[in-house]
Amino acid sequence: MPDTLTIIDNRTGERYEVPISYGTYPEYGASIRTSDLRQIKTSPEDFGLLGYDPAFMNTASCRSAITHIDGERGILRYRGYAIDELAERSNFLEVAYLVLYGELPDEDQLTAWVREITFHTYVHESIKKFTEGFHYDAHPMGMLVSTVAALSTFYPEARDIATPEVRQKQIVRLIAKMPTVAAFAYRHSKGLPYVYPDNELSYTGNFLSMMFRMAEPKYTPHPVLEKALDVLFILHADHEQNCSANAMRSVGSSHTDPYVSVAAAAAALYGPLHGGANEQVLRMLREIGTKERIPEFVKRAKAGEFRLMGFGHRVYKNYDPRARILKRMADDVLEVTGKSPLLELAMELERIALEDDYFVSRKLYPNVDFYSGIIYQAMGFPVDLFPVLFAIPRTAGWLAQWREMLLDPEQKIARPRQIYIGDGRRGYVPIDQRGVSD
Ligand code: ACO
């Protein structure tokens, strides 16, 4: 069986044969190059056939070796490793290294990597002045996006994206400084003094310290919460070509420095259709209020009045593997922070929905956002900060996507085509004749 596709152009009767190529899994990712369609013309002057695919519903923009998702089977793997195994056995910085460089670090590599990240957590003092310029009620995600972009002005050498050592330095700086910038944004919004990084703590322990430390001389994170945040960070490290990863690649393809590219990716994440759903889950659960009201609420969702937030996914048509991990972890966290009526509501809502043919037949299962908001809230994070908590670990994924894009000889500046549907050539209309209709 030849790996080709035969196309017959019924306009001309011409026959074309285009090659089909594959990724790692033959049943997932068989593709043709849409540039092969350009030879299909009705005349030599014809531009050639284009692929039309609004929202990239069926277009691969790259070949990538970072993350594999099989939405039908509920599989998520980074560099071939199953997400649940990584969540159970690794820590976030180890996973960030894996996502970025393709292999789990050995002991020496991990020690060096952790040291590098830990020693770059401080930000220039001027960043504090920059943060202070924001209004007291500025959204922390707006602050994060602007401040990360501003980091670009502190490191002008970062524009040299072609030199591996320079690239590597910015990768370290970005992963190291994102939690600091995020925590400063939070402390500013609360009117609290900034807490400088504590190099003796882990990545997530230090973040908790910068967020929540008050008068104590040394902040000691609760090990269960430190671990829970670490797992949440692992689960959010990458998710292949979603809206923000695509923004990172697209902006980075014009060879901008990685700070402004990460700012663009974070801006894409800011939107409620991408990084904001877990906040909506909390609002929904609060609105439901009691278990008795769930059936009525589900009925209204089925009638199309609104959607059950945290349910359904464009890619997963099965239980989101990240939601499964978080559901288990929620119990551990709540044992420390105290029971949450919202978790009990969420579990009951899940039970009722998954017994209902409406949700089963449409393959609507809980997604990562269904439980993450409940955990974040129990840990004391304000709702506004949820997308920021997403952006911190996703920075590793964005940088991995960026690096892969730069090293891919096939990639160029991203420049989609369009299908023009406006007017043809028109004669110029002098101003005194405009707006006059017969
Ligand atoms: N509640 C009720 N019905 C739903 C839901 C939901 N959450 N999600 C989808 N449906 C229904 C749709 O009404 C549609 O029904 P129909 O066939 O009778 O018209 C069917 O399921 C298919 O829905 P689509 O909109 O075609 O699915 P799509 O893949 O485009 O949407 C999305 C995926 C946006 C995630 C959707 O499921 C949704 O809006 N969910 C709620 C928001 C949410 O939780 N988003 C977080 C996603 S995870 C993340 O971004 C990190």
Side-chain angles (χ1 to χ4, degrees), residues 53-59 67 69-72 74-76 78 83 141 231-248 265-288 294-327 342 345-346 349-376 383 385-395 397-398 401:
D53 187 12
F56 302 114
M57 294 287 286
N58 195 42
T59 294
T67 294
I69 304 175
D70 181 337
E72 289 297 329
I75 288 173
L76 169 61
Y78 299 153
I83 191 68
M141 195 61 175
V231 170
L232 277 155
F233 278 9
I234 290 173
L235 302 185
H236 286 90
D238 193 57
H239 213 228
E240 52 119 308
Q241 306 310 316
N242 50 46
C243 181
S244 57
N246 186 52
M248 182 79 194
L269 185 71
Y270 196 176
L273 295 188
H274 189 5
N278 50 11
E279 177 181 342
Q280 299 306 325
V281 173
L282 276 196
R283 293 194 202 291
M284 176 187 75
L285 291 173
R286 284 195 199 120
E287 192 191 327
I288 297 176
I294 293 176
E296 165 67 15
F297 200 83
V298 169
K299 205 167 134 196
R300 288 170 59 203
K302 282 161 55 178
E305 263 188 64
F306 45 74
R307 292 191 163 194
L308 276 195
M309 298 316 287
F311 262 75
H313 197 278
R314 171 59 60 77
V315 177
Y316 293 116
K317 301 302 171 197
N318 203 320
Y319 212 104
D320 181 337
R322 302 167 298 175
R324 202 184 295 284
I325 297 166
L326 290 182
K327 188 179 175 185
L342 292 185
L345 261 187
L349 178 58
E350 179 192 322
R351 193 187 64 75
I352 290 178
L354 294 188
E355 279 176 359
D356 194 309
D357 187 55
Y358 175 94
F359 294 92
V360 176
S361 64
R362 288 171 178 77
K363 299 183 174 173
L364 300 171
Y365 293 89
N367 60 48
V368 68
D369 289 323
F370 193 63
Y371 289 107
S372 64
I374 296 170
I375 300 177
Y376 286 142
V383 170
L385 213 78
F386 290 1
V388 172
L389 295 168
F390 195 153
I392 294 172
R394 185 54 60 85
T395 299
W398 291 331
Q401 299 286 345

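One-based numbering, in listed order, for ligands and for the atoms of each. Hydrogens, waters and symmetry mates play no part in the numbers below; they use all other heavy atoms, side chains included.
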message = To check your reading of the model: name the closest protein heavy atom to atom 29 (O) of ligand 1, its residue, and the distance in Å.
response = Arg314 NE, 3.2 Å
message = Nearest 0.5 angstrom please: Asn367 CG to Tyr316 OH, how far?
response = 10.0 Å
query = Which heavy atom in His274 sits nearest to a heavy atom in Asn242, and how many Å separate them?
reply = NE2-OD1, 3.7 Å
query = If you measure from each non-hydrogen atom of Leu364 to ligand 1, which part falls under 4.0 Å: side chain, backbone, both or neither?
reply = side chain
query = Where do Lys363 and Glu72 land on the salt bridge (charged side-chain N to carboxylate O under 4.0 Å, His left out) test, with the steps shown first?
reply = CA-CA 9 Å; Lys363 299 183 174 173; Glu72 289 297 329; 3.4 Å; yes
message = Suppose we measure from atom 45 (N) of ligand 1 to each protein heavy atom; which comes out shortest, and what is that distance?
response = Ala277 CB, 3.5 Å
request  = Would you indicate whether Phe56, at its atom CZ, is surrounded by more than 12 heavy atoms from other residues, nucleotides or ligands within a distance under 6.0 Å?
outcome  = no
query = When you measure from atom 20 (C) of ligand 1 to every protein heavy atom, which one gives the shortest distance, and what is it?
reply = Arg362 CD, 3.8 Å
Worked verdict on Arg283 versus Glu287 for salt bridge (charged side-chain N to carboxylate O under 4.0 Å, His left out) = CA-CA 6 Å; Arg283 293 194 202 291; Glu287 192 191 327; over 6 Å; no
inquiry  = Can you check atom 11 (C) of ligand 1: any protein non-hydrogen atom closer than 4.0 Å?
reply    = yes
inquiry  = Which residue and atom name correspond to the protein heavy atom nearest atom 38 (C) of ligand 1, and how close is it?
reply    = Arg307 NH1, 3.4 Å
request  = May I ask you to identify the nearest protein heavy atom to atom 7 (N) of ligand 1, giving residue, atom name and distance to one decimal place in Å?
outcome  = Leu308 O, 2.7 Å
message = Nearest 0.5 angstrom please: Phe311 CZ to Arg362 CZ, how far?
response = 13.5 Å
message = On a heavy-atom basis, which atom in Pro321 and which in Ile83 lie closest, and how many Å separate them?
response = CB-CG2, 4.1 Å
inquiry  = Among all the protein's non-hydrogen atoms, which is closest to atom 50 (O) of ligand 1, and how far away is it?
reply    = His274 O, 3.3 Å
remark   = Taking only non-hydrogen atoms of Asp369 and a 4.0 Å limit, the atoms of ligand 1 in range are 46 (C), 48 (S), 49 (C), 51 (C)
Test item: protein heavy atom less than 4.0 Å from atom 18 (O) of ligand 1 = yes
ask   = What atoms in ligand 1 come closer than 4.0 Å to a heavy atom of Tyr358?
value = 2 (C), 3 (N), 4 (C), 11 (C), 13 (O)
Numbering as shown, the atoms of ligand 1 that approach Lys317 to under 4.0 Å (heavy-atom distance) = 29 (O)
remark   = CD1 (Ile234) and CZ (Arg322) are apart, to the nearest 0.5 Å, by 13.5 Å
message = Please check whether Phe311 reaches ligand 1 - meaning an N/O of the residue sits under 3.5 Å from an N/O of the ligand, judged on distance alone.
response = yes
Least distance between heavy atoms, Pro387 atom then Leu269 atom = O-CD2, 3.7 Å
query = Quick one: nearest non-hydrogen protein atom to atom 47 (C) of ligand 1, plus distance?
reply = Asn367 ND2, 3.5 Å
inquiry  = Just to confirm my output: which protein heavy-atom neighbour is closest to atom 44 (O) of ligand 1, and how far is it?
reply    = Gly310 N, 2.8 Å
message = Return the CG to CD1 distance between Leu342 and Ile375, rounded to the nearest 0.5 Å.
response = 12.5 Å
ask   = Just to confirm, does any protein heavy atom lie below 4.0 Å from atom 27 (O) of ligand 1?
value = no
